[in-house]
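Data first, discussion second: the structure below is written as structure tokens.
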Amino acid sequence: MNQKTPPPSQADSASVAQQRVADLRAEIAAHDRAYYELDAPSVSDEVYDALFRELQALEAAYPELQTPDSPTCRVGGRPLAAFTPVAHRVPMLSIQTETDTSANGAWNFDARVRKELGLDAADAPVEYVAELKFDGLAVSLRYEQGVLMQGATRGDGSTGEDVTQNLRTVRDIPLVLTGLAPAVLEVRGEVYMTRDDLARYNAQAAARGEKTLVNPRNAAAGSIRQLDPSVAASRPLRFFAYGVGEVEGWPGAAPTTHAALLDALSELGLPVCEHRAVLVGARALADFHARIAALRPSLPFDIDGVVYKVNRLDLQAALGFRAREPRWAVAHKYAAQEAHTRVEAIDVQVGRTGALTPVARLQPVFVGGVTVTNATLHNEDEVRRKDVRVGDLVSVRRAGDVIPEIVAVLLEARPMRPAAAAPGAAEPLYPPFTLPDRCPECGSHVVREEGEAVARCSGGLVCPAQRKAALLHFAGRRAMDIEGLGERLVEQLVAQGWVRTAADLYALDVPQLMRLERMGEKSATNLVAAITASKTRSLARFIFALGIRHVGESTAKTLADWLGSLAWLRRAPRPILAVLPDVGQVVGQAIVDFFAEPHNASVIDALLAAGVRPSDEHPPRAELAERLTWARLYAALGIPRLSETRAEELAALFADGAELADATALAARLAPLPQPVSAALVDWLADSKHREALRQLASTRAAILAALPAAALPRLPLAGLTFVLTGTLPHLKRDAARALIEAAGGKVSGSVSRQTDYVVAGSEAGTKLDKARELGVPVLDEAALLAMLDHNKEKTA
DNA sequence: AGCCCTCGAGTTCC
DNA sequence: CTCGAGGGCT
């Protein structure tokens, strides 16, 4: 590389640099060896860091000196990029937190479970397993033929990171299971550190002048997410198993309860915490909660609560899941610890929807294991209610041990004006908090809708804060999942004027990105690749990414699932949207408004033009046909005085909206309706906009119906029917009957109402049967139910 | 008409 | 995590 002859001075400095780089690498390598292999650091962290940074700087200045074996490549930059993603065959769900930290929490959970299972007071109490909720890092261990093959973090629940090497260094984790192991066994559990071990480790680390670990949870998480396994090996980590993911081939009979499952895991040599119990009914759960609370200080490790799980696995299956968490388990936490600190300022942030949120800037205070400096105050009313002012001494806790929250103001410590300045009554130094009437980011007017708690910046996408938030949302992990597009980058892209809308992202190229701060060729290439990869995300993610008001992750899934394509979503008028589950007038209107906005339409067109193509578009769902009845559509149109019942009557008169829009002798044909209703309808139809909307609705409806899959494939026999179970059936247990009905597409609810299609009654049926007779709901016995399942099956087969 | 449940939106700290 | 609001059921 010295063939060319550059000016002498440059040649000199380059060769000096080359020598220094070589020296630095040798020195760092020696320190690494001392630290990792001999476990005896030869220099302090500060000295080591200084050497490391010098090497990084030189390599940055002289890229030709960069080699792949440099220590800066091993640990520098973003180490997480080097973990391989692992798809969880069975998702690693989180667990719902019971917010009531009093004993009521146990009763609340029990009540929800009983209600879901359709049990009433007369039914036997439910059996649970209670365990501890460890404060650590959730991981999944995959054993094949009893041998540990892979360990992964939870990640987003469906995809985690491969941290096998690190988990192998945890002494509690068996590399080989004892006894007869299933062919495949994914063990779910928690990596944690005991308080003593943490203290001991920190004492040694401090003595060596190294960084200490803040709390056991971060210690566990930080250690496992290190690229270099020797780091994890040097930390005293432990493990408890508490559940399973994918399982194949239990030797002998598979466990049928969670308690038996835990025992089985223990038998296989996995550590299972001894503080667990099988308990019957809510009172026993509450007692466990109290008993563990007393035990908590003497436990060797940190817990933030206890966990209750329905013991029987078949009941767990019957209860099923909510969006991201099982319905059969709950974490019952303990009240958080509080600390006192001063409010230094109250700032106002602007969110994606323009919502203004006051945030208290606090004098740093250590509470619940971390140092807290900010706490959200949610909205103006909230600040007023608590009357938080600048300078106040406040009591702070971490709600649910995570989000900092101001509990109360200590009024006696409020700073007051000196008595001389305010003779007579003492006066607070600072006035009550008020939100500004101009957006702090863009100066637009701040508006607060009647009856709404949040105030919003009216600037829309003119407001840079909203634009940035919209872009971050678009790129977010749950949306288009563009890795590497974080806050700092969005900030720069917007400031440069390169990116105004999400569509602009797809026009970015590597040379352009390299002009940004801290952006080398490699990062730029990665980012462009991540952006390109996002073009084929699922439709649900794409819809969510658009950031339509009231359309979050779950509603986006519903829309994608039912309508199947962006084209239908854009085209669907409000009444059609309102027919979908979870979508009513407000959400439907928000969607229509979004697509009607020319700016949004052009952004979407630009996205499509840039090649963004949801990978899973499909025809609308077959069941849509059942929901797109004119009765429902008429009811959803918002015609005055037209109740659901009247809408059905109207549908009987006009089986198609277009016909209604173009009807002659309208008043006469509406005669069967009560006069005020028909008058309101005639009035409504007098508006040509409304007639046009009806025609539009009719044609879109027809187009959607025509697009439905030709053979309505697996039409479930009981789809759309609601059942209520009562009494004891001769053969089927209650939950078995429930499972059968649900498997066939039916729904089981707890009480009889007009919405109920059938009541299934056994012996000793109670008031539900009376109610059914009263409402004229058909009553089935077990045989009739089974016949119905069979009969409908044949009909559709 | 009113309650209950779920979802959406904003936020913290590492 | 918490709060508010929308949707669905009583």
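Since the model is a prediction, treat every value here as computed from it, not as a measurement.
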Self-check item: Evaluation steps, side-chain hydrogen bond (donor to acceptor under 3.5 Å, both in side chains), between A/Gln585 and A/Arg574
Solution: CA-CA 7 Å; A/Gln585 299 295 310; A/Arg574 189 183 64 172; 3.2 Å; yes
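Rounded to an integer number of Å, the gap from A/Asn374 CG to B/dT11 C1' is 9 Å. Distance CG (A/Asn379) to P (C/dG4): 6 Å, rounded to an integer number of Å. Distance, A/His378 NE2 to C/dA5 P: 13 Å, rounded to whole Å. Between the NZ atom of A/Lys386 and the P atom of C/dT2 there is a distance of 11 Å, rounded to whole Å. In this structure, CG of A/Leu362 is placed 13 Å from C1' of B/dT11, rounded to the nearest angstrom. One can place CG of A/Leu546 at 16 Å from C1' of B/dG8, the figure rounded to the nearest angstrom. Distance A/Asp582 CG to B/dC7 C1': 8 Å, rounded to the nearest Å. Between the CD1 atom of A/Ile548 and the P atom of C/dG6 there is a distance of 16 Å, given to the nearest Å.
Using a 4.0 Å heavy-atom criterion, one finds that A/Val359 contacts the sugar-phosphate atoms exclusively. Here A/Glu382 lies out of heavy-atom contact (under 4.0 Å) with every strand.
Ranked by how close their nearest DNA chain B nucleotide is to the 5' end, A/Thr371 and A/Gly351 are led by A/Gly351.
Between A/Gln349 and B/dG10 there is no side-chain polar atom (N or O) within less than 4.0 angstrom of OP1 or OP2. A sub-4.0 Å separation between OP1 or OP2 of B/dA9 and a side-chain N or O of A/Arg549 is absent. At B/dG8, none of the side-chain N or O atoms of A/Thr353 fall inside 4.0 Å of OP1 or OP2 (strictly under the cut-off). The side chain of A/Thr376 contributes no N or O atom lying less than 4.0 Å from OP1 or OP2 of B/dT12.
Taking the six-membered ring for Trp and the full ring otherwise, A/His332 and A/Phe109 have centroids separated by 6.0 Å or more.
For A/Gln349 and A/Thr357, the side-chain atoms include no donor-acceptor pair closer than 3.5 Å.
For A/Thr357, counting side-chain heavy atoms from C-beta on, the closest listed nucleotide (C/dC1, B/dG10, C/dG6) is B/dG10. Nearest to the side chain of A/Val586, among B/dA9, C/dG7, B/dC13, sits C/dG7. When distances run from any side-chain atom of A/Lys333 to the nucleotides B/dC7, B/dC13, C/dC1, the shortest one goes to C/dC1. For A/Thr555, taking side-chain heavy atoms from C-beta onward, the closest of the listed nucleotides B/dG8, B/dC13, B/dT6 is B/dG8. Considering only the side chain of A/Arg352, B/dG10 comes nearest among C/dC3, B/dG8, B/dG10.
More than 12 heavy atoms of other residues, nucleotides or ligands lie within 6.0 Å of CZ in A/Arg621, so this atom counts as buried by the packing criterion.
Using a distance-only test at 3.5 Å, with no hydrogens or angles considered, no donor-acceptor pair links the side chain of A/Arg361 to the main chain of A/Glu344.
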